[in-house]
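Written out below as structure tokens is the structure these notes cover.
Quick note on labels: first sequence line is chain A, next is B, and so on, each numbered from 1. Hydrogens, waters and symmetry mates play no part in the numbers below; they use all other heavy atoms, side chains included.
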Protein chains: 2
Amino acid sequence: MEAKEISKAVVKRLPRYYRYLGELMEEKVERISSNDLSKKMHVTASQIRQDLNNFGGFGQQGYGYNVEYLYTEIGKILGLDTIHPMIILGAGNLGQALANYGDFEKRGFRLVGIFDVNPVLEGISVRGIEIQMISRLPEFMKENQVEIAILTLPKNKAKEMAKILIENGIKAIWNFAHTDLDAPEDVIVENVHLSESLMALSYNLSQYRNEHTEK
Amino acid sequence: MEAKEISKAVVKRLPRYYRYLGELMEEKVERISSNDLSKKMHVTASQIRQDLNNFGGFGQQGYGYNVEYLYTEIGKILGLDTIHPMIILGAGNLGQALANYGDFEKRGFRLVGIFDVNPVLEGISVRGIEIQMISRLPEFMKENQVEIAILTLPKNKAKEMAKILIENGIKAIWNFAHTDLDAPEDVIVENVHLSESLMALSYNLSQYRNEHTEK
DNA sequence: TAGATTGTTAATCGATTAACAATC
DNA sequence: TAGATTGTTAATCGATTAACAATC
């Protein structure tokens, strides 16, 4: 809320704190110290305190952090206390996998539409939502409030659709296409480049093999 | 190849260089300077030169980098010049989506098995590979060389299966389960925590809204 | 040769860790 | 109160950027 700029590294860690705190809640743990949490998460206690203090003092000296309170507060910081209407562009395997992932709904990410270019898919329901032709997208966006678009289309199609999304006032794009998108700075783009993740894995694999073979 | 330790940040950037070089090749571009590439990729030229020089001098003063050569070399660094036999654990939507992604095969990631716990799926073919019961996994791993396991199972099941994979000598796990895995340091784990990615997007969304509302 | 551009060292910037005073 | 643990400042570490000599 304050003007202080939070680093990308900190933001990337917040959801992980949130996940661990959720698990602690399930285990009925009421409070935890940065030290204990640091051991669970394999990070330093110092980093935890430093990270959390970017957003305010959630702990109490001599006591630690109240798990439920901290969980709720991080949830708010992450914007999980509001509804985010969401559409999927590309009803292939990946699009359907994401549509069927129920936990998103639980966190406020509400799927309101699914679109594809393939006429064969038109009218087929996924999670109770009928797949529509992508040509209907601009119209749909005018009639419905849409905040996030999930892009699970081939890369050439993806760039083209990103343009249309932006023209129609999309707020954020979760991009699974194997390409970078051009977007103005007021449109949030979060990339999930799966093949790049697999290549990083492959690098580490080769690296490890070399280190333990050569010599 | 040398003992020099490459930072994780550099490794994460390599696949992106690889992607851009691939695109340049498609466009028949023969050579490129760090400066031109930096403009395309929205990074500094200095970073590109610094990154590449971790692995050796691929460029030439006054000329720049030969696109095809650099592409090939980065491919080798990423281990894309060797075959990586791969299995999928969890034949749900996501598992099938990954099974059907043809580009992996092209890069040397060869799918050799798909497993699930659901007996209904037994024998069904995905990309010409029959889904097997997960109970057959240890046997399969003894009979076949398997390097990478893709984990697309619910989190409780995932931890359990990771243990079995490790006992049977898996080299790397590409983990899509919403949990961290315990693995010895000689087993590479690459996590894809999709919900965390979506939460980071959500954070940025809320953040942007605040900055442009309050004042 | 002159011009271009790398490879590489040095300077800067940012992020992580350590330390400790404040305080519950 | 004494003990525990945070919040926060200072020190360290690492990564990015700038600068430029080397060299094609």
- When you look for runs of 3 or more Watson-Crick or G-U pairs in a row, both distances below 3.5 Å, which of them include DNA chain C? C:3-24 with D:3-24
- Message: Checking Tyr20(A) against Asp180(B): is there a side-chain donor and acceptor pair closer than 3.5 Å?
- Response: yes
- Query: So, the side chain of Ser33(B) versus the backbone of Tyr65(B): is there a donor-acceptor pair under 3.5 Å, distance only?
  - Reply: no
- Residue pair Gly64(B)/Gln60(A) against DNA chain C: nearer the 5' end by closest nucleotide is Gly64(B)
- Query: Should the pair Arg19(A)-Glu196(B) be classified as a salt bridge under the 4.0 Å nitrogen-to-oxygen rule?
  - Reply: yes
- Query: Quick one: are Met199(A) and Leu80(B) in side-chain contact, heavy atoms under 4.5 Å?
  - Reply: yes
- Identified side-chain contact (heavy atoms from CB on, under 4.5 Å) partner of Ile173(A) from the options Ile150(A), Leu165(A), Asn191(A), Ile188(A): Leu165(A)
- Item | Verdict with supporting geometry, Phe140(A) and Ile87(A), side-chain contact (heavy atoms from CB on, under 4.5 Å) | CA-CA 10 Å; Phe140(A) 185 90; Ile87(A) 55 173; 3.8 Å; yes
- Message: Distance under 4.0 Å to a non-hydrogen atom of chain B counts as contact; along DNA chain D, which nucleotides mark the start and end?
- Response: dA15(D) to dC24(D)
- Query: Looking across every strand, which nucleic acid part, if any, lies under 4.0 Å from Ser46(B) by heavy atom: base, sugar-phosphate, or nothing?
  - Reply: base
- Please work out if Arg13(B) contacts a base, only the sugar-phosphate, or nothing of the nucleic acid, heavy-atom cut-off 4.0 Å. sugar-phosphate
- DNA chain C: 5'-proximal contact among Arg49(A) and Ser7(A) (nearest heavy atom): Ser7(A)
- Other residues, nucleotides, ligands: >12 heavy atoms within 6.0 Å of Glu160(A) CD: yes
- Query: Can Phe109(B) and Trp174(B) be said to form a ring pair (Phe, Tyr, Trp, His ring centres under 6.0 Å), step by step?
  - Reply: CA-CA 12 Å; Phe109(B) 301 98; Trp174(B) 199 19; 7.9 Å; no
